[in-house]
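Report on one structure; see the data block that follows.
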Amino acid sequence: MTPKKADKIAVNVLYGLSGIIVLILASLLTYILVRGVPQFSIEFFTQPAKTFEVGGGIIIQLYNSFYLLLLTLLISTPVAMGAAIYLSVYAPQNSFTTFVRTAIEVLSSLPSIVVGLFGFLMFVVQFKLGFSILSGALALMIFNLPLLTRTIEDSLTAIPSSQREGGLALGLSKWETVTRIILPAAMPGIITGVILSAGRIFGEAAALIYTAGQSAPALDFTNWNPMSITSPLNIMRPAETLAVHIWKINSEGLMPDGPDVSAGASAVLILAVLSFNLLARYLGKKIQKKITSA
Amino acid sequence: MEETVQHFKKRSPKRKQERFGKTISLVATIFIVSIVFSILFFVASRGLRTFTEHGVSAIDFFAGTAWRPGEVSDAGEPLVGAFPMIAGSFLVTIFSALLATPFALGAAIFMTEISPKTGKKYLQPVIELLVGIPSVVYGFIGLTVIVPFIRQIFGGTGFGVLAATLVLFVMILPTTTSMAVDTLNAVPRYYREASFAMGATRWQTIYKVVLRAASPGLLTAVIFGMARAFGEALAVQMVIGNAALVPDSLTTPASTLTSILTMNMGNTVLGTLENDVLWSLATILLFMSLFFNILTRWIGKKGAMK
């Protein structure tokens, strides 16, 4: 075989392999949307789930997913921000820093089921928080921290060092330079990173089945007392999220219209993750424009 | 004079602020590191109880093939052989990596060497979208499409190693591809130019120069994909059938470490043998994840592009 012929064959094979990947994604998306979107109805989005009857909705699970996402971002962003600032500004080049980086890398490679089981052991059992939104949010925080820290650190170090030097030359402390100059400049990258992590959190289920629990008690959306068990604001109630719901109906197989409900719920999940991705891109660009007035 | 000396001796507000900033950012960092250690410590110390508290021998646990926690054999030994799950986990991981690697490398080469423009426009978003699809959705598709498909072709229930492999194949494809793309992009441009200048074709350049230079990074990409496959829980649990048997065919129900953990952790009481063996399974997962981590580091060090 001449080298020219080999080249032709190889290029065609590469085209084929890439084409198959695009085909796989296209058929995945089409399948979920074609199967799921017809399930959308007012009832589907406003009714609570029914275990043994046809026609249940997903309102409580959908609300739980968003509430849990909000809490997780609230507790994990400050911690990730602090660690990212330390690693990008203060961390000296020594073995302690290498050790810290290794630890964060290990954490990011742990399977999410292990994080969930640790959350169960620590928060649910040891701290006696029970199956609750709080336990779930703490477990998701652990799940989210390593990646978020890395994204924020990357956005901080991407700022040209002339900005840093400018701040220091004006007599600002390192802390002032970071909080007043670097952080605002890195904001587009940070916000994009936070929203992208939101997509990951929204679809996560393995870390939640033994922390936030697998049941969704009825909620009364007019009850704003955070101590009441039916209040949507209560953080001590068990809360099954949308992703956990899909897993649960499929592994239990009790719900007569289970496949339909999970198809609808999967479509909701995918659309949510998609819009998180689009939002991240859009916001990143918009803030960039506003800050640089370009 | 005295006043001036005092003024310079006192810590300035700026210095205080700097200290404050440094302290809270260090606290956040130490918090994350301590989480890692508590996970390692608490999970492993629970997992070791199987051997220390309940006196199960390591050989019975790792090589035993009968998994019926709560029952004892004729000899009075508890039936906690974890071999079926260990075998299941390794099988689905290796098979899915074998299946995904050619596709991932092919797509990565296509995106970096053959047609960067089309690659960036079509393949890049496709890969990003595939990463974003939640694992339960993959599980659901596996359950409603792949399992019935296998049932029709091979008979049986359709649940098993083959179904899990196919689901994991799609799941690890984007991880491996995007890491491979990064590695290929890091190969210096002049390597390619030198090869072209000597009259090599595009494929010769890719195969003999670019891939050789990038091989440590590509290996890391494959291992990352394998680590993800090994640790995936729910999608696998939904399609593998969850029978704690050593798989003797690809289309009969089997189980993995993660699937048994997912199924049974809620049905056992903390502190009993039935529960502690599950933590032992979790400990295996934990150590395998550490092992994959060390492996990629080692390859990175050995094969750093100079």
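All chains are named by letter (A, B, ...) in the order of the sequence lines, taking the proteins before the strands, and each is independently numbered beginning at 1.
- In this structure a side-chain-to-backbone donor-acceptor pair under 3.5 Å is missing from B:T205 to B:S195.
- Contacts with chain B were tallied for A:G199, A:G116, A:A243; A:A243 has the most, counting heavy-atom pairs under 4.5 Å.
- Put simply, of B:M288, B:R202, B:M263, the one with the most heavy-atom pairs under 4.5 Å next to chain A is B:R202.
- Heavy atoms of A:I32 lying under 4.5 Å from chain B belong exclusively to its side chain.
- Contact annotation for B:L290: only side-chain heavy atoms (C-beta onward) come within less than 4.5 Å of a heavy atom of chain A.
- Counting only distance, with no hydrogens or angles, the side chain of A:S135 and the backbone of A:F131 share no donor-acceptor pair below 3.5 Å.
- Side chain of A:R180 to main chain of A:G167: no donor-acceptor pair is present (N/O by atom type, distance under 3.5 Å, no hydrogens or angles).
- Of the candidates A:K248, A:Q214, A:Q61, A:E240 forms a side chain to side chain donor-acceptor pair (under 3.5 Å) with just one, namely A:Q61.
- Top candidate by heavy-atom pairs under 4.5 Å with chain A, chosen from B:Q17, B:E232, B:Q204, B:Q237, is B:Q17.
- Contact annotation for B:V126: both backbone and side-chain heavy atoms come within less than 4.5 Å of a heavy atom of chain A.
- To the nearest 0.5 Å, atoms OG1 (A:T149) and CG (A:D154) are separated by 10.5 Å.
- Two residues are said to be in side-chain contact when any heavy atoms from C-beta on lie closer than 4.5 Å; B:I39 and B:I35 meet this criterion.
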Would A:Y90 and B:T29 count as a side-chain hydrogen bond (donor to acceptor under 3.5 Å, both in side chains) here? Give the steps.
CA-CA 11 Å; A:Y90 294 111; B:T29 312; over 6 Å; no

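- For B:M238, the part lying under 4.5 angstrom from a heavy atom of chain A is the side chain only.
- Between chain B and the options A:S173, A:P78, A:G19, A:A6, the largest number of non-hydrogen pairs under 4.5 Å is found for A:S173.
- Note on B:N293, B:T201, B:L234: by heavy-atom pairs under 4.5 Å with chain A, the leading option is B:L234.
- Between chain A and the options B:R19, B:R228, B:K14, the largest number of non-hydrogen pairs under 4.5 Å is found for B:K14.
- In this structure, the side chains of A:I270 and B:L129 stay at 4.5 Å or more apart for every pair of heavy atoms.
- Shown here is B:Y122, whose OH atom has no more than 12 heavy atoms of other residues, nucleotides or ligands within 6.0 Å.
- A:L110 places a side-chain heavy atom less than 4.5 Å from the side chain of B:L286.
- With contacts defined as side-chain heavy-atom distances shorter than 4.5 Å, the pair A:S197/A:L147 does not qualify.
- Interface remark: of the candidates A:A263, A:S251, A:S18, A:S18 forms the most heavy-atom pairs closer than 4.5 Å to chain B.
- Between chain A and the residues B:F103, B:F292, B:F31, the largest count of heavy-atom pairs under 4.5 Å involves B:F103.
- Highest contact tally toward chain A, considering only B:Y138, B:F224, B:Y207, B:W279, is held by B:W279 [criterion: heavy-atom pairs under 4.5 Å].
- Proximity to chain B is limited to the side chain of A:F99, based on heavy atoms less than 4.5 angstrom apart.
- Side-chain contact between A:E153 and A:R101 is present, with at least one heavy-atom pair separated by less than 4.5 Å.
- A donor-acceptor contact shorter than 3.5 Å is absent between the side chain of A:Y210 and the backbone of A:F118.
- Considering only heavy atoms from C-beta on, A:V89 stays 4.5 Å or farther from B:S25 through its side chain.
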Run the side-chain hydrogen bond (donor to acceptor under 3.5 Å, both in side chains) test on A:N94 and A:T97 for me, step by step, so that the C-alpha distance in whole Å, both residues' side-chain angles and the decisive distance to 0.1 Å come before the verdict.
CA-CA 6 Å; A:N94 59 15; A:T97 309; 3.0 Å; yes

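- There is no contact between B:R15 and chain A, counting heavy-atom distances below 4.5 Å.
- Only the side chain of B:L270 comes within contact range of chain A, with heavy atoms under 4.5 Å apart.
- Annotation: residues 80-87 of chain A contacts chain B through A:G82, A:A83, A:I85, A:Y86 [non-hydrogen atoms, separation under 4.5 Å].
- Looking at residues two or more places apart in sequence or on another chain, you find a salt bridge (charged side-chain N to carboxylate O under 4.0 Å, His left out) between B:E113 and B:R192.
- In this structure, the side chains of A:L68 and A:F202 stay at 4.5 Å or more apart for every pair of heavy atoms.
- Most heavy-atom pairs under 4.5 Å with chain B: of the set A:I20, A:I209, A:N277, this distinction falls to A:I20.
- Looking at B:A227, neither its backbone nor its side chain comes within 4.5 Å of chain A, counting heavy atoms on both sides.
- Top candidate by heavy-atom pairs under 4.5 Å with chain B, chosen from A:V13, A:V115, A:L28, A:I249, is A:L28.
- The candidate with the highest count of non-hydrogen atom pairs below 4.5 Å against chain B, out of A:I246, A:V106, A:I104, A:L196, is A:V106.
- A donor-acceptor pair under 3.5 Å is formed between the side chain of A:S262 and the backbone N or O of A:G258.
- Only the side chain of B:L173 has a heavy atom closer than 4.5 Å to any heavy atom of chain A.
- With a 4.5 Å cut-off on non-hydrogen atoms, B:F169 touches chain A through its side chain but not through its backbone.
- Only the side chain of A:V273 comes within contact range of chain B, with at least one heavy atom under 4.5 Å from a heavy atom of that chain.
- For a residue to count as touching a neighbouring chain, one of its non-hydrogen atoms must lie under 4.5 Å from one of that chain's; by this rule B:S38 touches chain A with backbone and side chain alike.
- Contact annotation for B:I114: only side-chain heavy atoms (C-beta onward) come within less than 4.5 Å of a heavy atom of chain A.
- Residues B:D276 and B:R46 meet the side-chain proximity criterion, which asks for heavy atoms closer than 4.5 Å.
- Using a 4.5 Å cut-off between heavy atoms, B:L130 touches chain A through backbone and side chain atoms alike.
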